[in-house]
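As the structure is a prediction and not an experimental result, all values here were calculated from the model.
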Amino acid sequence: MMIPRIAPNRYGIPTLYVKDQPFLILGGEIHNSSSSSPAYMEEHVWPALRSLPLNTVIAPVYWETLEPEEGHFDFSLMDSLLSQAGREGKKLILLWFGLWKNGESMYAPSWIKENPGRYFRACYSPENPSDTVSPLCTDAIEADANAFARFMAHLRETDKEENTVIMVQVENESGFLGAQRDYSEQARTAYCSPVPPSMKEYAGIAIENKDSWYPLFKEDAPELFMTFHYCLAIQKIAHAGKTEYPLPLNVNAWLEQFPEIPGSYPCGGPIAKYMDLWKKLVPSIDMLSPDVYLSDFKGVCDAYSAGGNPLFIPEARRDPVTASNVFYAFGQYYALGFSPFGIEDMLPSAAAPGELPSPDAAVMAALQIDMSAFSSTGTGCYLQRSYEILSGMTGLLTEHRGSGKLHAFLRKNEHDKGIILSLPRTDVKLTYTGGRPDMPGSAGFLIEDGDFGFYITGCNFRIEVLAKKGSEKKVSLLRLEEGIFTGNRFCPGRILNGDERMRASIGPMAGVLRFEVCLY
Ligand code: DGJ
């Protein structure tokens, strides 16, 4: 049996295989500090997750606890996490909180932080150091790569058979916050030196050219310079880990957003416009993953599924729209996985009274996250249903990725009234309903089941069947059933006829309908 891997399915769609079976990550990322205490996980996290039908938990592993002293490794936290997840029947995606987490170096061990001479910081301006280790600091990168390699080797030794861990993320939202580039002495020297050959090759510049960054790239120079150096660093770290244990690896992105000034978001990270540079310089990474807190879900997914990049969303918004977006991610982009952030307090029952999540406005502002993306009231119940449906139909869904028989839809804005899906023998008109911000949006997908049968799932739409344009034949709804998938089998519930057939629809709580049409 092979270890988890990404390979094309029979239609050429990149697919994650776990124990040689296609696997859809119905995930949730836990809060940053939760996995630093096995007791906290037992008391607050696992009980909360039991009522959500997710199959994968995304959890950090911290360099500062893994290598508290240089060269001394402590895998006990990681081992507890793996054994708890195994007991709970969940897969894990581990986040390597190494040198960089959200543009800073807060998870580097103290022996790195306390030795700024050797492990030098990036500077906001000459002589004005930040708290972020510079991506040009080769000693720090080597130390991180060494720790990451030990971490991956430990996974190989302990988890190669079980495959509890199915993927690893290298660093978290890398880049430099607070300035357009690093002004440390080493970075200033490199910035004024000839641009390295691999960068010139990427930019289509003659190899003999000896210009430095600014003359060649003008106003884009600072960000390209930082991107180049973060890419080299992360390639070194990822390669060291992958050599030990070749699990799928991803890198996640804090997205470029207003005011679109590098440094207001971490400068040098895998933002959409530099994905091709990342792909070229970081071949050990299997995918670049967006953390989607912005409201333009489609725009972000379009960008991060371009050029064959498999879409995996490690952090999704926490408001109810997440429960409808998940259908579009899997149906439209053949996403490998989807995972709202802060999953352990999504269901109100998970929090003790008075402990309901109250995101701190200052933290959200620092992270450029709109408060609306964090208002999770109601999300848990909606998400519970969406995940239940998707986990029940994983087989059908994975079988149809790329087959041409899977059709997804998403309401783009309040002016978007609906969509007509053009199918071989009939058209299906979907009119969007709902539209309240405290509920899921309109989204879902339809799967053709033979010539005249269809499964449709998602939230907030009404269905009507229409004759195909120009056809002599009329079309009629022959049968409409509600139901649920369990173990990839549709278990029908009521047959909807009479009044119920006239308002064939799914509301804010996701559902599944099967319908058949006849032509006459
Ligand atoms: C994005 C980061 O990647 C997460 O670790 C977390 O900090 C969230 N933002 C916000 O809580």
Discussion item. So, using side chain to side chain donor-acceptor pair (under 3.5 Å) as the criterion, who are the partners of Y230 when residues are at least two apart?
Written reply: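 Y230 satisfies side chain to side chain donor-acceptor pair (under 3.5 Å) with no other residue.
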Practice prompt. Could you walk me through whether V57 and I30 pass the side-chain contact (heavy atoms from CB on, under 4.5 Å) test, one step at a time?
Written response: CA-CA 7 Å; V57 175; I30 58 174; 3.9 Å; yes
Donor-acceptor contact present, side-chain [X] to main-chain [Y], <3.5 Å:
| X | Y | answer |
| --- | --- | --- |
| S339 | E29 | yes |
| S284 | Q235 | no |
| D286 | P248 | no |
| Q84 | E42 | no |
| D182 | F176 | no |
| N55 | L26 | yes |
| E67 | G71 | yes |
| R318 | F341 | yes |
| N252 | E173 | yes |
| Y11 | E399 | no |

Indicate the atoms forming the closest heavy-atom contact of [X] with [Y], along with that distance.
| X | Y | value |
| --- | --- | --- |
| T394 | L390 | OG1-O, 2.9 Å |
| Y293 | R317 | O-NH1, 2.7 Å |
| R121 | P116 | NH1-CB, 3.7 Å |
| F445 | F409 | N-CE2, 3.6 Å |
| C123 | P129 | SG-CA, 3.7 Å |
| E256 | L294 | O-CD1, 4.4 Å |

Assess the side chains of [X] and [Y]: does a donor N or O sit below 3.5 Å from an acceptor N or O?
| X | Y | value |
| --- | --- | --- |
| D144 | W96 | yes |
| S134 | Q186 | no |
| Y62 | S35 | yes |

Would you say that [X] contacts [Y] through its side chain, given a criterion of any heavy-atom pair below 4.5 Å between the two side chains?
| X | Y | value |
| --- | --- | --- |
| P270 | M275 | no |
| L397 | Y455 | no |
| V300 | I313 | no |
| L383 | T322 | yes |
| P314 | Q169 | yes |
| L82 | E162 | no |
| H239 | K242 | no |
| T15 | R401 | yes |

What is the distance from atom [atom1] of [X] to atom [atom2] of [Y], rounded to the nearest 0.5 Å?
| X | Y | atom1 | atom2 | value |
| --- | --- | --- | --- | --- |
| M346 | T377 | CE | OG1 | 10.5 Å |
| L92 | I166 | CG | CD1 | 8.5 Å |
| N115 | K113 | CG | NZ | 13.5 Å |
| I93 | S289 | CD1 | OG | 8.5 Å |
| I369 | D291 | CD1 | CG | 8.0 Å |
| L77 | T65 | CG | OG1 | 4.5 Å |

Worksheet item: Is the distance between the ring centroids of F151 and F75 under 6.0 Å?
Response: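 No, too far apart.
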Worksheet item: Where does the angle between the aromatic ring planes of F297 and F338 fall among parallel (under 30°), tilted (30 to 60°) and perpendicular (over 60°)?
Response: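 Perpendicular: the ring planes of F297 and F338 meet at over 60°.
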Discussion item. Assess the residue pair S105 and D131 against the criterion (side-chain contact (heavy atoms from CB on, under 4.5 Å)); give the C-alpha distance rounded to whole Å, side-chain angles, the decisive distance to 0.1 Å, and a yes or no.
Written reply: CA-CA 6 Å; S105 296; D131 217 0; over 6 Å; no
[X] atom [atom1], over 12 foreign heavy atoms within 6.0 Å:
| X | atom1 | answer |
| --- | --- | --- |
| E157 | CD | yes |
| K280 | NZ | yes |
| R50 | CZ | yes |
| R436 | CZ | no |

Worksheet entry | Check against side-chain contact (heavy atoms from CB on, under 4.5 Å), M167 and I25 | CA-CA 10 Å; M167 198 190 293; I25 301 162; 3.8 Å; yes
Fill in: Residues in salt bridge (charged side-chain N to carboxylate O under 4.0 Å, His left out) contact with D276, at least two apart in sequence or another chain
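Here no residue qualifies.
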Item to complete: Would you mind listing every ring pair (Phe, Tyr, Trp, His ring centres under 6.0 Å) that reaches into residues 247-268, with sequence neighbours excluded?
Response: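 Sorted result for residues 247-268: empty, none.
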Discussion item. Let's go through T398 and Y334 carefully: what are the C-alpha distance in whole Å and the side-chain angles of both, what is the deciding distance for side-chain contact (heavy atoms from CB on, under 4.5 Å) to 0.1 Å, and is it a yes or a no?
Written reply: CA-CA 8 Å; T398 50; Y334 312 133; over 6 Å; no
Worksheet item: Is the closest basic N to carboxylate O distance between E223 and K273 below 4.0 Å?
Response: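 Salt bridge: yes.
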Item to complete: For the pair R150 and E244, find out whether any cationic side-chain nitrogen is under 4.0 Å from an anionic carboxylate oxygen.
Response: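 Not counted as a salt bridge, because no side-chain N and carboxylate O are separated by less than 4.0 Å.
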